[in-house]
Amino acid sequence: MATHPYEVEALIGKEYAAGFYTDLEADTLPPGLDEEVIRHISSKKNEPEWLCEWRLSAYRHWLTQKEPRWATVVHPPIDYQGISYYSAPKTKKDGPKSLDEVDPKLLETYEKLGIPLHERAILAGVAVDAVFDSVSVATTFKERLAEAGVIFCSFSEAVRNHPDLVRRYLGSVVPAGDNFFAALNSAVFTDGSFCYVPKGVRCPMELSTYFRINAANTGQFERTLIIADEGSHVSYLEGCTAPMRDENQLHAAVVELVALDNARIKYSTVQNWYPGDENGKGGIYNFVTKRGECRGHNSKISWTQIETGSAITWKYPSCVLRGDNSSGEFYSVALTNHYQQADTGTKMVHLGRNTRSTIISKGISAGRGRNAYRGLVRIAKSAANARNYTQCDSLLMSDRCAAHTFPYIEVKNPSARVEHEATTSKISEDQLFYCRQRGIAAEDAINMIVNGFCKEVFKELPMEFAVEAQKLLSVSLAGAVG
Amino acid sequence: MLTISNLHVCIDGKPILRGIDLEVGPGEVHAIMGPNGSGKSTLAHVLAGRDAYEVTQGTVVYDGADLLAMPPEDRARRGIFLAFQYPVEIPGVNNAYFLKAALNAGRRYRGLTEFDAVEFLSLVREKMKLVHLDEALLKRSVNEGFSGGEKKRNEVFQMAVLEPRLAILDETDSGLDIDALKIVAEGVNRLRGGDRSIIVVTHYQRLLNHVLPDAVHVLSEGRIIRSGQRDLALELEERGYDWLRPNALA
Amino acid sequence: MAAAERAGMTGTMASHYAEEFARAEGGLVGADSGWFKAARRRALTHFGRIGFPTPKEEEWKYTSVAPIESRSFRLAGHPRNGLDVAELDRLRLIEAHELVFVNGYYSAQLSRLASLPAAVSVAPLSEALPDSLQEHMERQAEQPGNGFAALNAALLSDGVHIRVGSGVTLKTTLHLLFISTAPDGPTASFPRVFIEAGANSRVLIIEHYAGLTPEEYFTDALTEINVGPGATVEHYKWQMEGARGYHIGQMLVHQQRESRVTSYSVSLGAALARDDIAVSLAGEGAGASLNGLYMAKGRQHVDHHTSIDHQQPHTTSAEYYKGVLAGHARGVFDGKVVVREGAQKADAELTNKNLLLSEHAEMDTKPELQIYADDVKCSHGATVGQLDEDALFYLRSRGIEYSQATALLTYAFADDVVARIAIEPMRHAIERHLTAYLPRAALDMELL
């Protein structure tokens, strides 16, 4: 933008606010990965034998796989032996029984991040599972949820208390060897959230997990499993932050969603892992496998993601539309500034009859950011009357950024109707001048226009997160205009 | 209120305005007329602070301050309003939200308390009646999908809400049918009065049948070649612009 | 396919074509030219290394060339055997310079080349090898692209070099007719077309591929067009290969400043057809418009790939491809648009629309944008679906029966592209093909 760039930059020189480090004693495994390490993680968590075996078979599979190279992202080789695969804040044996037993430093950390865990300050209407490095430190509102029959707890706890459910669904959507990063996660995942909503239950509140990477030189490998039984509804949110560090850190999560007949799952992500500095130093490698299966008829899975953080984002939250009349949605805003890279999108695999999918993707590239939408819409022979609508828009904010669109459309049933549209635009001088002529400062005008660009996605977010997302966007664009 | 002295302006090195002198007093309505390409719109945009234009000579003093030194938003906040000839579309940005942001930016600048949603809406409802705009337009994106007439009425409506001290109407009458023209003119007339000055930039004098100017200036090839009263506009309508051109006189 | 097996297959293929090369080398174009022979050998070695592309490669994800790979096509020995001249005459265009190639070899006897303007040369490679080609072909032998391009470089049977001098407008259409007759069982031909359009020149060229045989054969064609500053090239590719023909065609276009290229690629024939167009908009203000129509039925497989590289500011591209697929046919479209850093004010638009007419027809489409500049206007859209139900209902409510309504609407869908074809005989022939493809529409042809 030719309009007083220095001035705009100075005015919005905001910084990554979640970049602090919490100094506490941690129980951390030395770097390295082999079967011993996996057995160690499994035994630390007192896991049953079958789960340890499952991990080991995933690990053996991983050894045969290669890191995917097809994405547009570039990074130096990752030394998988240089990462510590387990780090947990030290607590009394068996973990805290209640919030009172949680290390006050941890509570303070979440408070600083705007996620108070104490009952008195707790976020109204939102149950939070707080995951700190490799373990879940607290889950709020457990009792109230239990009254409704909803199970919401850390993954480790689910393995202890609901082994049958875990065994039945774990790996049923994302098989252990699905891809390189999913296999790695299956071998070494440490914690995450588990949710089961029983038949006919509408979950009485928003569920949410707040992921925090704290320790240095560790990877975070969490696993989330959400099962919505017949006729149930659940809305789940996740947020993520990490300290500012010069080294890159790996985050390879797996999320599996299962929606049975008439069930609905809404999964929202506000991803704000540390993006690295303005020279591209440091930041999280966010290599995540997220997939939901609409297993039952009339079921619906909706993904909404706001991706503003991470040095590299590689994720494709997908829907397998197996049940007849099931539907999948993907709403995404991905912003890359400075040297950030994002290769993100979705897969909509239509298997059932009358299945529907909607894809709305908004990519914003600033600085030297690279932003790619990569998506697959597959209409199988069995998917009579399938419908898909895809809209991919890119907003370009600098002459050194990159924006790519790679949609794959595969149609094997003639009754399908698939539409894909993509556009690119920039903030025009005319728009900017119009706003300024009305007295609106340039940086406010830019934020306003960018938020307008993302509006279709923001409206899918629960209210308080939509506000959060808008703020995040304006912070992430700091210095983007030049 | 506004004093333009010897204003020279270039675009891409090409001179467009070549020495404009103009004095607009408080409460006055001035019409600037001229053929296509005479520099009318350039003058309007330069006053509003568009940065594609290079001022090579001259000064513009507004309320005792150097107008040309101010960024466009400060000019707006100090009460300069440009009704655009081609209002731009801003997808996804709600018209009401946009206007509230603009209104409060100005109020903040002037040290006034900001309007909350309730105050804003009651103000807006009152002003919409002025130009017969449908309230549904408030919820739509700025100018997106508006008809030509709706865009122009939206400009006058914004002017009514922002209550400028100096309004510049850039070809606000172009592309309007006679009914729409009357609505727009009526809206402008209702805003006339007190200290508020208005500059009406137009090619035809038909708007001036409804908005009666205190002075009429003819711009040609970047200079004001004739100034007069309202009857000058009528004469222009009858005789066109050619008789005023220097070569025609010669 | 296991890697070892695949390597084995590539090895077999490489040795098969190496044998063909050894057998035919003495009789190939440029056999007495040292540099040409050396370039052919380098290309053959390269082919031996890379072999044919596999579906593991992104560019060949949806198209398997195993049928071509598994057949041992031979270079045709006696090109004119079995040619039905009457059938050939039906393919001729009136008022055109016509160059006829049979099974890859130029036939002076069958060609009709009236006198050309002084600054225009149209030279079959078998008659003359312009010096200007040497450097170009040697460079190409180093980096010949994919296996098909390498094989063409190695086994090039014949071709034509067309040069239109600066400022010249060639008023008469150039009709390049490539006929396959497969006289000695499954044969392969490797034609090559070079076009050089000088500054501010204008030329219109039709590349026409036709099979006059029910036999299997393989055409591996390569066309290169260099468009000088301000020049205008209109290029039509009319692919009507035989039902058992395999057609792989590649066209590389290099455009200098303010040049214009309009291309029409119509794929109607062949069991398996692949058409690649790669355009480099290498000069400021260059513009390309690519249009395409593919219609397939039975077990036909048709694949169109386009790639437009906006390297300079103010370059424009517009693409419009439509496909109709019936029976068990499978269609593939891949349209890539790249806008390089600094190519500001680029304007690119791409549309691909597909109609599936039967239960077993399939379509894979992939429009793609790669943008490295900010002040650009790029968009693409792709659709796959059936005929518009409202339109069908409207026709039926007027008493038109379902099958006829379908045929009419399908005709209208395809004719949207056909109607843009300025060469009347070609347009009529394609319209006739369309009616044959849609028998029900035949009745109403007169009315359309």
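Below, read A as the first sequence line, B as the second, and so on, with proteins coming before strands; counting in each chain starts at 1. These numbers come from a predicted model, not from an experiment.
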Check whether C:Thr383 reaches the backbone of A:Val418 with its side chain - one donor and one acceptor, N or O, closer than 3.5 Å. no

Within a reach of under 6.0 Å around NZ of C:Lys322, are more than 12 heavy atoms found that belong to other residues, nucleotides or ligands? yes

Report, in residue-number order, which members of residues 343-368 of chain C are under 4.5 Å from chain A by heavy-atom distance.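 So the qualifying residues are C:Gln344, C:Leu356, C:Ser358, C:Glu359, C:His360, C:Ala361, C:Glu362, C:Met363, C:Asp364, C:Thr365, C:Lys366, C:Pro367, C:Glu368.
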
Heavy atoms only, distances under 4.5 angstrom: which of A:Ala403, A:Ala402, A:Cys392, A:Ala384 has the most pairs with chain C? Name it, please.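 So the answer, after comparing A:Ala403, A:Ala402, A:Cys392, A:Ala384, is A:Ala403.
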
Please classify the contact of [X] with chain A as side chain, backbone, both or neither, using a heavy-atom distance under 4.5 Å.
X        : answer
C:Phe333 : neither
C:Lys61  : side chain
C:Ala382 : both
C:Gln370 : both

Which residue, A:Arg370, A:Arg400, A:His404, forms the side-chain hydrogen bond (donor to acceptor under 3.5 Å, both in side chains) with C:Tyr372?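 That would be A:His404; it is the only one of A:Arg370, A:Arg400, A:His404 passing the side-chain hydrogen bond (donor to acceptor under 3.5 Å, both in side chains) with C:Tyr372.
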
A:Ala422 versus chain C, the contacting section by heavy-atom distance below 4.5 Å: both

Side chain, backbone, both or neither: which part of A:Ser415 has a heavy atom under 4.5 Å from chain C?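 Contact with chain C is through both the backbone and side chain of A:Ser415.
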
Can you tell me which of C:Glu341, C:Arg330, C:Glu58 forms the most heavy-atom pairs within a distance under 4.5 Å of chain A?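 Highest number of heavy-atom pairs under 4.5 Å: C:Glu58.
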
Determine, step by step, whether A:Thr424 and C:Lys377 satisfy the side chain to side chain contact (heavy atoms under 4.5 Å, CB included) criterion, reporting the C-alpha distance in whole Å, the side-chain angles of both residues, the deciding distance to 0.1 Å, and the verdict. CA-CA 6 Å; A:Thr424 59; C:Lys377 220 176 103 196; 5.7 Å; no

With a 4.5 Å heavy-atom cut-off, do A:Met397 and C:Asp374 have their side chains touching? no

Beyond-backbone contact of C:Asp375 with A:Asp399, side-chain heavy atoms, under 4.5 angstrom: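 Side chain of C:Asp375 against side chain of A:Asp399, heavy atoms only: no contact under 4.5 Å found.
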
Enter the distance from C:Leu369:CG to A:Ser394:OG here, rounded to the nearest 0.5 Å.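 So the gap between those two atoms works out to 7.5 Å.
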
